[in-house]
There are 2 protein chains.
Amino acid sequence: MERITRISSRVPAVAPTLADVAERAGVSRQTVSNAVNNPDLLRTDTLARVQEAIVELGYVPNRAARNLRTRASHLIGLRMSPVQEGTANAAMDRFVHSLVWTSREAGYHVLLFSGEGPDPLEGYDDLLRSTAVDAFVVTDTYLGNPQATWLRDRRAPFVAFGRPWGDEAAKHPWVDVDGAAGTALATQHLLDQGHTRIAWIGWRKDSFIGEDRRAGWSRVLRERGHPTTGMASRVEDTVWSGREASGVLLDEADPTAFVCASDTLAMGVLHTLAERGLHPGRDIAVVGFDDSQVAQVVHPGLTSVRQPLEEVAIAVVRSLEDLLATPSYVGAGLLLTPTLTVRGSG
Amino acid sequence: MERITRISSRVPAVAPTLADVAERAGVSRQTVSNAVNNPDLLRTDTLARVQEAIVELGYVPNRAARNLRTRASHLIGLRMSPVQEGTANAAMDRFVHSLVWTSREAGYHVLLFSGEGPDPLEGYDDLLRSTAVDAFVVTDTYLGNPQATWLRDRRAPFVAFGRPWGDEAAKHPWVDVDGAAGTALATQHLLDQGHTRIAWIGWRKDSFIGEDRRAGWSRVLRERGHPTTGMASRVEDTVWSGREASGVLLDEADPTAFVCASDTLAMGVLHTLAERGLHPGRDIAVVGFDDSQVAQVVHPGLTSVRQPLEEVAIAVVRSLEDLLATPSYVGAGLLLTPTLTVRGSG
DNA sequence: GTGAAAGCGCTAACAA
DNA sequence: TTGTTAGCGCTTTCAC
C-alpha cells in the first residue's frame with residue numbers, strides 16, 4: 001500500500017514510518033527497528049540496505065511511539081526557580097547550559113518547567129506520572145531544602161546537585177561542590193599575598209551552604225593562627241547587605257581582605273570600597289564565590305571561587321544513566337573541588 | 001480484569017490508565033477521555049462520577065500515548081547557544097525564564113537542546129521530524145542570522161524573537177524589541193540631564209541589531225542639533241573593546257556621556273573611568289543595554305535599557321498558539337518598546 | 001538473522 | 001450523551 005505522494009524529495013508531506021522503510025528495503029518492520037536500535041543483530045548487507053532506505057526516505061523514529069512502547073521519554077526534568085533580580089546568581093544558568101550540553105551526548109534532552117504555584121512539588125508529580133520525563137535533576141537541595149525526601153517517597157528518579165544536608169543517610173545520588181575547599185583556597189590565596197586579617201561575609205546561619213563555605217575560611221585562618229573572632233558577618237545575600245557588612249567590618253575589625261560567600265556580597269564590598277575611595281586589590285582584597293559574569297566584567301576584575309559546573313553536569317548525567325539503567329545503580333555522592341579565578345580584586 | 005495490586009494508596013505500583021478509571025466509574029474509556037479533554041460533552045453526574053474515579057485512582061494521562069495519538073508533544077524547542085563567558089548576556093537567560101513561565105500557562109513545556117556540531121540546524125530537524133517538539137522558539141535571528149529561511153523550507157513551525165532582518169517579506173511570526181527606541185530613550189534621558197556631547201559605542205556594522213540601536217542614538221542627537229560625527233565607535237562586544245573605545249573617544253571627542261549597545265561595552269567604559277579616576281554618573285554618564293545583573297550590582301549602578309522580556313515571552317507564546325491552531329494563523333510582527341532603568345551611572 | 005503477532009495508552013470517527 | 005471500533009508508530013516477545 002503506497003502512502004501519500006511526496007510533494008518534494010526534501011520535505012515529505014507525511015513523515016515516513018518504519019513500515020515505509022521496511023517496504024523500501026524489502027524487509028520487515030522489525031528488522032528496520034533492529035537496524036536502528038540493535039544494528040549488531042543484522043547481517044551486514046541487510047543493515048546496509050536498510051540504512052540506505054532510511055537515508056533515502058529521511059526516516060526519523062517517532063518519539064511518541066517509541067516513548068509509549070518503551071515507557072521512557074529520554075527527557076530530564078529541571079525546575080527553573082524564579083529569576084533573582086539584583087543578585088549575581090550565575091551558577092544556575094551556567095549549570096543549565098552545561099547540563100543541556102552534557103545530556104545531549106547521553107541521548108537526553110532537558111525539559112524545563114517552572115515550579116511555582118501553591119504546591120511547588122506538584123510540577124514534579126504531574127511530569128513524572130504522565131511519563132513526560134524519565135527523571136529529574138534537582139538543584140534545590142542545594143539551598144538546603146529537604147524535598148529529596150518527598151521525591152524519594154514518590155519513587156521519583158532524581159539526581160541532586162547538592163548534598164543531602166541534614167540527612168546524611170539519604171540514599172539518592174548526588175553531586176556537589178566542596179564550598180569549604182573553595183573558600184579555603186581563597187583564604188590561602190590571600191594569606192599567600194601577605195594578608196592576615198581576612199574578614200568573612202557570608203549567609204545566615206540557617207544556610208547549610210553558607211556554613212560550609214564559612215568553614216573553609218575559618219579553618220585555614222585557625223590553622224595558621226590568624227584571628228577569626230569579630231572578623232565575620234552573616235547577612236542576606238544582597239549587594240546592600242554586603243555593603244553594610246563590609247562597612248561595619250572595616251570600621252571595627254580592620255581587615256585587609258574579604259572572603260565572601262557569593263559574588264553578590266563581594267559586589268557589596270566593592271561598593272563600600274568605592275564609596276570610601278579605596279581600591280580593590282590594591283588597598284583591600286576581595287574574593288567572591290561563583291565566578292559570575294559580574295566577577296568577570298567588573299573593574300578591576302573580581303577574584304572568585306569557580307565551581308566546576310561542567311564537571312558537575314557530567315557527573316550528574318552519569319549518575320542519571322546509572323539510576324535509569326536496569327538494574328538501577330546508585331553510587332556514592334560525589335564532591336568536586338572548585339578552583340580560584342584570580343583577577344584584579346585580590 | 002484486575003490490574004496488579006496496589007502496594008500503597010499513595011504510590012501505585014503501576015500507573016492507572018484510562019481503562020482503570022473507566023472500569024471504576026462504570027463508563028467506557030472514551031467517556032473518561034472526554035471527561036478529561038471535553039468535559040462539556042458529559043452529563044453533569046457522569047462527569048462527577050468519572051472525576052471522582054480519577055481522583056481516587058490518582059489518574060494522570062500518559063503523555064506518550066496522547067502524543068502518539070494527537071501527533072503533538074506540547075513541547076516547545078529552544079536552542080541554547082553556548083555560554084558567552086566574559087560578557088553580560090543577561091537577555092537570553094531572563095528570556096528563558098520568562099518563556100518557561102509563560103508557556104506553562106499555555107500548557108507547554110520548554111525543551112532545551114544544544115545546537116552545536118557540524119550542522120547547527122541538525123538539532124532542529126531531528127527534533128521536529130521525530131515529533132519531539134511541536135514548534136520552536138528561535139532567538140538566533142536576533143543576531144541577524146537568516147536561518148528562518150531554512151526553518152520555513154522545512155515547514156518547521158516557529159516563532160522568532162527577533163525581526164527578520166534583511167528579509168522584510170518573511171512570513172513567519174516574530175516578536176522583537178525596538179532597540180532604536182531604547183537607545184533613543186537613553187539618549188533623551190542624557191539630554192534631559194544637560195549632556196550634549198553624547199558618545200556611542202556599539203557593534204560592528206554588520207550587526208543589524210547594533211545598527212538599529214545606533215540609529216536611536218543618532219536620530220535623537222540629530223533632531224536636537226547635537227553632534228554625532230566623531231562621537232561613535234563600532235567594536236566587538238567585549239569589555240576590553242568598550243574600554244579601548246571609550247578611552248579613545250574621551251581623548252578625541254570630549255564626550256560627557258556614553259550610550260552603549262550592551263552592558264558589556266558599558267562595563268568597559270566603567271573600566272576606563274576607574275582607571276582615569278573619573279566617577280561614573282558624576283563626571284561621565286554611562287548607559288548600557290539589557291539591564292543585566294551586572295548593571296544591577298555594579299557600583300554605582302549602571303543605567304541601562306531594559307527589554308520587556310516577560311512581555312516578549314507572552315507575545316511569543318500567543319503567536320505560537322495561533323500558529324499551532326487549526327487553521328493556523330500568523331499575525332503581524334510585534335515590536336515592543338523597552339524601558340530605561342536609571343541608576344547611579346547616569 | 002529475520003518475520004509475525006501483539007499491544008503500549010490514548011483519541012478520532014462513527015454508531016448507537 | 002455514551003459506547004464501539006480502529007489505529008497512531010513503535011518495540012517486545014517468540015516463532016522460524
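Below, chains carry the letters A, B, ... as their sequence lines are ordered, and counting in each starts from 1. Treat the numbers as computed from the prediction; the structure is a model and nothing was measured.
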[X] side chain, from C-beta outward: closest of [options]:
{"X": "B:Asn62", "options": "D:dT11, C:dG9, D:dC8", "result": "C:dG9"}
{"X": "A:Arg69", "options": "D:dC8, D:dT11, C:dG3", "result": "D:dT11"}
{"X": "B:Thr70", "options": "C:dG1, C:dT11, C:dG9", "result": "C:dT11"}
{"X": "B:Gln30", "options": "D:dT11, D:dT2, D:dG3", "result": "D:dG3"}
{"X": "B:Tyr59", "options": "C:dG1, C:dC10, D:dC10", "result": "C:dC10"}
{"X": "A:Ala65", "options": "D:dT11, D:dG9, C:dT2", "result": "D:dG9"}

Could you tell me whether the side chain of A:Arg29 has a donor or acceptor atom within less than 3.5 Å of a complementary atom in the base of D:dT11?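 Donor-acceptor pair under 3.5 Å: yes.
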
May I ask you to check whether over 12 heavy atoms, not counting those of A:Arg49, lie within 6.0 Å of atom CZ?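 Yes, because the 6.0 Å sphere around CZ of A:Arg49 holds more than 12 heavy atoms from other groups.
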
Nearest-angstrom distance from the residue atom [atom1] of [X] to [atom2] of [N]:
{"X": "A:Asp20", "N": "D:dG9", "atom1": "CG", "atom2": "P", "result": "9 Å"}
{"X": "A:Asn38", "N": "D:dC10", "atom1": "CG", "atom2": "C1'", "result": "13 Å"}
{"X": "B:Leu47", "N": "D:dT2", "atom1": "CG", "atom2": "P", "result": "9 Å"}
{"X": "B:Asn67", "N": "C:dT11", "atom1": "CG", "atom2": "P", "result": "10 Å"}
{"X": "B:Asn34", "N": "C:dA12", "atom1": "CG", "atom2": "P", "result": "9 Å"}
{"X": "B:Arg63", "N": "C:dG9", "atom1": "CZ", "atom2": "C1'", "result": "14 Å"}
{"X": "A:Arg71", "N": "D:dG9", "atom1": "CZ", "atom2": "C1'", "result": "16 Å"}
{"X": "A:Arg129", "N": "C:dG9", "atom1": "CZ", "atom2": "C1'", "result": "15 Å"}

Nearest nucleotide by nearest heavy atom, which residue falls closer to the 5' end of DNA chain D, B:Leu68 or B:Thr46?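 It is B:Thr46 whose nearest nucleotide is closer to the 5' end.
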
By nearest nucleotide on DNA chain D, pick out whichever of A:Ala64 and B:Asp40 is the more 5' one.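 Closest to the 5' end, via its nearest nucleotide, is B:Asp40.
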
Would you indicate whether the side-chain heavy atoms of A:Tyr59 and A:Asp20 approach each other to under 4.5 Å?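 A:Asp20 vs A:Tyr59: side chains apart.
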
Short side-chain N/O contact to [N] OP1/OP2 from [X], under 4.0 Å:
{"X": "A:Ser28", "N": "C:dT2", "value": "no"}
{"X": "B:Ser33", "N": "C:dC10", "value": "no"}
{"X": "A:Arg66", "N": "D:dG9", "value": "no"}

Walk me through it: do B:Tyr108 and B:Leu75 pass the test side-chain contact (heavy atoms from CB on, under 4.5 Å)? CA-CA 5 Å; B:Tyr108 285 91; B:Leu75 251 34; 5.9 Å; no

So, taking the atom named CZ in A:Arg163 and the one named CG in A:Leu334, what distance separates them when rounded to the nearest 0.5 Å?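 Rounded to the nearest 0.5 Å, the CZ-CG separation comes to 11.0 Å.
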
Could you grab the distance from atom NE2 of A:His74 to atom CG of A:Asn67, nearest 0.5 Å is fine?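 A:His74 NE2 to A:Asn67 CG: 7.5 Å, rounded to 0.5 Å.
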
Hey, does [X] reach any base, or is it just sugar-phosphate, or nothing, if we go heavy atoms under 4.0 Å?
{"X": "B:Leu41", "answer": "sugar-phosphate"}
{"X": "B:Asn37", "answer": "sugar-phosphate"}
{"X": "B:Leu18", "answer": "base"}

Hey, can you tell me if B:Tyr124 and B:Phe113 have their rings parallel, tilted or perpendicular (30° and 60° cut-offs)?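 It falls in the perpendicular class, over 60°.
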
